[in-house]
Amino acid sequence: DQQVKQNSPSLSVQEGRISILNCDYTNSMFDYFLWYKKYPAEGPTFLISISSIKDKNEDGRFTVFLNKSAKHLSLHIVPSQPGDSAVYFCAASDHNQGGKLIFGQGTELSVKP
Amino acid sequence: DAGVIQSPRHEVTEMGQEVTLRCKPISGHDYLFWYRQTMMRGLELLIYFNNNVPIDDSGMPEDRFSAKMPNASFSTLKIQPSEPRDSAVYFCASKPLAGGYNEQFFGPGTRLTVL
């Protein structure tokens with residue numbers, strides 16, 4: 001039973017365009033959401049997060065949107081760059097669970113020059 | 001800071017052998033997490049510790065897996081006996097505060113291959 005789902009295993013985008021990565025969750029107790037980026041042969045690195053009391057958080061080219069009623073979040077990257085090519089993981093946590101993160105399957109983004 | 005350190009980076013072993021993976025968390029972090037990444041299941045949490053005490057081991061696949069944290073700067077994940085289906089990348093991560101929303105910091109992972 002997967003509580004966090006990323007239904008697109010891969011996404012290909014042209015350099016300069018917008019990349020939109022999607023994530024759905026089922027547990028209404030989740031109150032904090034994170035996106036991680038992972039390059040081959042490296043560990044995931046934190047990218048951006050959002051609390052359930054917000055619906056948007058922006059950091060430079062990266063924006064995360066949260067739709068609690070739909071239990072859906074998305075990561076927008078504008079403009080996309082070839083260096084953004086990586087696997088992106090969505091993660092969710094419930095603060096009553098001691099910071100435990102539940103990860104999605106990941107989406108491999110390829111940004112073509 | 002050196003970040004989370006894991007060793008070895010790669011391990012190839014034969015079915016039935018014991019495997020020990022090691023992790024040194026970031027100094028001062030209260031939480032330590034062990035994850036496994038496979039193509040089929042993505043990133044799964046196996047177990048996590050708070051102040052060296054195991055809090056949730058519900059993700060540990062079976063009794064062949066065990067994890068210890070003898071002190072704040074060291075943890076091990078042991079598989080005995082290992083099986084080919086244990087082949088995966090194992091990540092260790094640490095987190096600085098008890099509770100709260102701080103993100104986890106991951107090590108580079110150990111790629112385990114069981115033949």
Side-chain angles (χ1 to χ4, degrees), chain A residues 1-10 21 23-25 27 29-54 57 59 62 64 66 75 86-108, chain B residues 2-10 21 23-26 29-60 88-111:
Chain A
D1 177 28
Q2 198 137 15
Q3 297 184 69
V4 178
K5 295 181 183 179
Q6 293 175 256
N7 292 318
S8 298
S10 62
L21 295 96
C23 178
D24 297 295
Y25 63 96
N27 188 342
M29 296 302 292
F30 288 147
D31 55 7
Y32 196 66
F33 304 88
L34 306 89
W35 285 93
Y36 279 79
K37 178 179 180 179
K38 184 184 178 306
Y39 292 118
E42 295 183 10
T45 55
F46 170 73
L47 187 59
I48 192 170
S49 62
I50 188 167
S51 164
S52 61
I53 62 173
K54 295 186 175 182
N57 187 27
D59 183 2
F62 303 91
V64 56
L66 175 62
L75 174 67
V87 177
Y88 289 79
F89 289 96
C90 166
S93 73
D94 168 4
H95 78 278
N96 292 314
Q97 296 294 315
K100 176 177 169 179
L101 293 180
I102 306 299
F103 282 85
Q105 297 278 75
T107 296
E108 183 171 9
Chain B
V4 176
I5 298 172
Q6 291 187 247
S7 64
R9 292 295 310 275
H10 301 273
L21 311 182
C23 175
K24 177 178 168 52
I26 294 172
H29 281 194
D30 298 296
Y31 281 76
L32 183 139
F33 304 82
W34 281 101
Y35 291 89
R36 176 171 69 175
Q37 184 189 12
T38 60
M39 290 295 292
M40 292 298 294
R41 300 176 69 87
L43 262 173
E44 300 175 272
L45 176 66
L46 301 177
I47 185 172
Y48 77 95
F49 296 82
N50 177 19
N51 291 324
N52 315 337
V53 176
I55 302 300
D56 184 345
D57 65 354
S58 59
M60 295 287 261
V89 182
Y90 291 80
F91 290 103
C92 175
S94 66
K95 189 170 86 73
L97 291 177
Y101 296 140
N102 299 71
E103 68 270 16
Q104 297 176 17
F105 295 80
F106 281 76
T110 296
R111 180 173 292 278

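All values below come from the heavy atoms of this structure, side chains included, with hydrogens, waters and symmetry mates left out. Just so we're on the same page: letters track the sequence lines, and every chain starts at 1.
- Looking at Glu44(B), neither its backbone nor its side chain comes within 4.5 Å of chain A, counting heavy atoms on both sides.
- With a 4.5 Å cut-off on non-hydrogen atoms, Lys100(A) touches chain B through its backbone and its side chain both.
- Gln104(B) contributes atom CD, which lies 6.0 Å from atom CZ of Phe103(A) (distance to the nearest 0.5 angstrom).
- With Leu101(A) as the fixed residue, the side chain to side chain contact (heavy atoms under 4.5 Å, CB included) test singles out one of Phe33(B), Tyr35(B), Tyr48(B): Tyr35(B).
- Contact detail for Glu103(B) and Tyr36(A): the closest heavy-atom pair is CB-OH, 3.6 Å.
- With a threshold of 4.5 angstrom between heavy atoms, Arg111(B) does not approach chain A through any atom at all.
- Only the side chain of Leu45(B) comes within contact range of chain A, judged by heavy atoms closer than 4.5 Å.
- The shortest heavy-atom contact between Met40(B) and Gln105(A) is O-NE2, 3.0 Å.
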